[in-house]
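A, B, ... follow the sequence lines: proteins, then strands. Residue 1 opens every chain.
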There are 2 protein chains.
Amino acid sequence: MNTPAKPRKSSHAATLADVGRAAGVSAMAASAVLNGARTSARISEETRDRILEAARQLNYRPNATARALTSRRMNTLGLATTLNREELNQYFLEVFTGVVEAGAELGQNTTVFALEDWHRQASRIPSFCDGRIDGLILLAPLLDDQEAQQLPDHTPILSIHSNVIIPGVINLESDEEAGAQAMVTRLLEMGHRRILHLAGPNHSLGARRRVAGYLRAHEQAGVEPPPDHVVEGEFHAESGRRRLTQWLEAHRGEELPHAIFAGNDAIAMGCVDVLVARGIQIPQQMSLVGFDDTQLARSARLASVRQPLRELGQRAARLLVASVDAKLGEGQPPAATNLVLPTELVDGATLSAPRPGPLRIT
Amino acid sequence: MNTPAKPRKSSHAATLADVGRAAGVSAMAASAVLNGARTSARISEETRDRILEAARQLNYRPNATARALTSRRMNTLGLATTLNREELNQYFLEVFTGVVEAGAELGQNTTVFALEDWHRQASRIPSFCDGRIDGLILLAPLLDDQEAQQLPDHTPILSIHSNVIIPGVINLESDEEAGAQAMVTRLLEMGHRRILHLAGPNHSLGARRRVAGYLRAHEQAGVEPPPDHVVEGEFHAESGRRRLTQWLEAHRGEELPHAIFAGNDAIAMGCVDVLVARGIQIPQQMSLVGFDDTQLARSARLASVRQPLRELGQRAARLLVASVDAKLGEGQPPAATNLVLPTELVDGATLSAPRPGPLRIT
DNA sequence: CTGAAAGCGCTAACAT
DNA sequence: ATGTTAGCGCTTTCAG
């Protein structure tokens, strides 16, 4: 692997005109043959062969940008997301994989637009819709109504887990409140009482829904939620570590919670770090459950609430392609309903009956 | 979130001509103002303002494909990779994040081309280089010399962890053999003797290098590697599960290995499943180490060999952009050397001294 | 059956 | 200081 890289020939790619010239025909004869479709290609067998041969020899590839200029189609889907600089985003990876998969089946590529922050960079979104993509998926956007109004309307847009209703934009999500409620009910039924919920940020609709599920589970079980047991934070491990540490410091000497319901898997992984460092055994002394069931959770054997993230990505890609087709006059637009997919509980090694005796926070 | 999605206006985006018309000037006056650069834009303050105002009102966005047609630049990098349908690819996520990060700093987007198999789909690669991207990164390509010859030469290409030398293509990698050797040496020094290596596929150069490191470590320690302790497999968890299960079946009644050196983290995670299912305690009864130090490993507290994957991605993006710039006559091409970054050992909870007594495979 | 012409939206020459 | 012209590579009428 240590051959000095020879400068590669930077020959321009062959054009249709080149192919035509080589085959002794016009460029559009070549076009007619090489796109194989549309024009009632009544080119004679013989010239067709000459053209194909010339194309092969010149290694002809149609230029996507030129083609897009007329066809108004790049066969590319856009996926806008925030990517934390510190931590990899497993939630993104799950959805992204679904988009890429389903997109590939429909002949679409996927390009990723990485935002640092939805609010600060909302103004960049229209610039994504500049012809390079045919449709855009907003992944867990945090926009306010005002920003939502600014979205361009010449490119089909679709959102996953949006925190606001965006007029004209289909939204896909899963039933987070039900999932949270089911998980907390499960904990309560196992006998856990002091359940600490390390939630996501309040400006996230999903985070609020998980809190709602937590509260409703208590209500339905006729259990008073312990005071001060819902903590707002961010959806990443570092936040989980920090918030849990702070919370434990602030409640030193009190009874340790029986279980932690983390707002997502990343937060849960942060909790693992803190608990391990303090020698608190999972799940013997404390149960821990997450949310999302990302691959991270599965590999750590974390009990979690499964959201069908990959399927959300797949569906998003398919619906978006249908919208693009419809806009270009091919086929009907998808029935523009918002989709809510079910969640389900996933078992893991971090969940067990509450510890028999009391344990104080040190 | 259940508002029926109103069909959005599918108005075409405004063009320069539209802006010019609205401002009462020609399209190229508008162009001169709105691109802000190049042409000695000696447009009068007054018309400049009219144009800017019109652009704002019409919500003008330059069309990327039209622009690319003349500028020959889309400001987009391509990343070609295989994405397993069954398992998420953490290795990909790490590198990808690096590419996106560094690319974004240079104003580049990243588009992903998902291949199912390098050999079967090698012929698709040239079609990625059709003007939609300015440069292409091949991530861990498995190509033969013949296929490498077919790569187009009008688009700058760069590889990460390539298994063959591709003339004219810069390759970035890390010192896998040294990393493997260091890790196995570490195990040997701790007293482990029967070290099982669940390797990747032989057609992968990286897999072969890890095997080489395993063997060299034994050699340098003057330890004869136990027979039949290197097993070829694939670089994913399912393969790890299957190979380890098969190997244990085939060696029933013999002494259990002291440690497993997995060819990558995914394989190691597969081993965890099998060992847990058999009640073999990690690390008390068996140590386990991986390779790559992906986030999966970190969250599972797996000891591993760290490759600077994110940095490989960042460097790849920066070098590729430099190549693209150079090809367009802006700046010098990067010194075309292949880069080998160092690896390092990462501690974890899965590594300890060998068990005191013998233990038979059941 | 095939070629000529026009245009997608933008930009870079050259004219005014 | 502004407008005209031509062309990037491809496709789609419309003439031959």
Side-chain angles (χ1 to χ4, degrees), chain A residues 11-51 55 58-75 127 129-132 134 154-155 328-329, chain B residues 11-51 54-55 58-75 127 129-132 134 154 328-329:
Chain A
S11 64
H12 276 199
T15 73
L16 270 185
D18 295 334
V19 173
R21 208 169 301 127
V25 295
S26 69
M28 59 285 343
S31 171
V33 167
L34 292 171
N35 70 16
R38 285 285 162 273
T39 7
S40 43
R42 300 102 32 125
I43 308 287
S44 76
E45 272 301 319
E46 195 248 343
T47 53
R48 152 181 243 89
D49 289 347
R50 274 214 320 282
I51 292 173
L58 293 174
N59 224 322
Y60 169 77
R61 304 283 160 192
N63 180 299
T65 62
R67 204 171 239 183
L69 198 51
T70 55
S71 72
R72 309 191 151 281
R73 181 139 198 180
M74 279 291 280
N75 292 306
S127 74
C129 304
D130 60 357
R132 77 182 59 206
D134 306 318
H154 55 87
T155 300
L328 296 177
Chain B
S11 65
H12 276 201
T15 72
L16 271 185
D18 295 332
V19 174
R21 208 169 301 127
V25 294
S26 69
M28 59 286 342
S31 171
V33 168
L34 293 170
N35 69 18
R38 284 284 163 273
T39 6
S40 43
R42 306 126 357 160
I43 309 286
S44 76
E45 272 302 318
E46 195 249 341
T47 52
R48 150 182 244 88
D49 288 347
R50 274 212 321 282
I51 291 172
L58 293 175
N59 222 322
Y60 169 77
R61 304 282 161 193
N63 180 299
T65 62
R67 204 171 238 184
L69 198 52
T70 54
S71 73
R72 309 191 152 280
R73 180 137 197 182
M74 279 290 281
N75 292 307
S127 74
C129 304
D130 60 358
R132 76 182 59 207
D134 306 318
H154 55 87
L328 295 177

From [options], pick the nucleotide closest to the side chain of [X]?
X: B/Thr70; options: D/dC8, C/dC8, D/dC10; answer: D/dC8
X: A/Tyr60; options: C/dC10, C/dC8, D/dC10; answer: D/dC10
X: B/Val25; options: C/dG9, D/dG3, D/dC10; answer: D/dG3
X: B/Ala66; options: C/dC10, D/dG3, D/dC10; answer: C/dC10
X: A/Met28; options: D/dC10, C/dA4, D/dC8; answer: C/dA4
X: B/Thr47; options: C/dG3, D/dG3, D/dT2; answer: D/dT2

[N] phosphate, OP1 or OP2: any side-chain N/O from [X] under 4.0 angstrom?
X: A/Ser31; N: D/dT11; answer: yes
X: B/Arg72; N: D/dG9; answer: yes
X: A/Thr15; N: D/dG9; answer: no
X: A/Arg67; N: D/dT11; answer: yes

[X] [atom1] to [N] [atom2]: how many Å, rounded?
X: A/Arg61; N: D/dG9; atom1: CZ; atom2: C1'; value: 16 Å
X: A/Leu328; N: C/dC8; atom1: CG; atom2: P; value: 16 Å
X: A/Leu69; N: C/dA6; atom1: CG; atom2: P; value: 18 Å
X: B/Asp130; N: D/dC8; atom1: CG; atom2: C1'; value: 15 Å
X: B/Met74; N: C/dT11; atom1: CE; atom2: P; value: 14 Å
X: B/Arg132; N: D/dC10; atom1: CZ; atom2: C1'; value: 14 Å
X: B/Asn63; N: C/dC10; atom1: CG; atom2: P; value: 6 Å
X: B/Leu16; N: D/dG3; atom1: CG; atom2: P; value: 13 Å

In terms of heavy-atom contacts, B/Thr65 and A/Gly131 come closest through CG2-O, 3.4 Å
For the residue pair B/Asn75 and B/Asp134, what are the closest heavy atoms and their distance? N-OD2, 2.5 Å
Whichever of A/Ala14 and B/Ala29 has the more 5' nearest nucleotide on DNA chain D, that residue is B/Ala29
Quick one: pull up CD1 in A/Ile51 and CG in A/Leu16 and give me the separation to the nearest 0.5 Å. 9.5 Å
Could you walk me through whether B/Arg61 and A/Cys129 satisfy the side chain to side chain contact (heavy atoms under 4.5 Å, CB included) test, starting with their C-alpha distance in whole Å, then the side-chain angles of each, then the deciding distance to 0.1 Å, before giving a yes or no? CA-CA 8 Å; B/Arg61 304 282 161 193; A/Cys129 304; over 6 Å; no
Heavy-atom side-chain contact between A/Arg67 and A/Leu69 under 4.5 Å: no
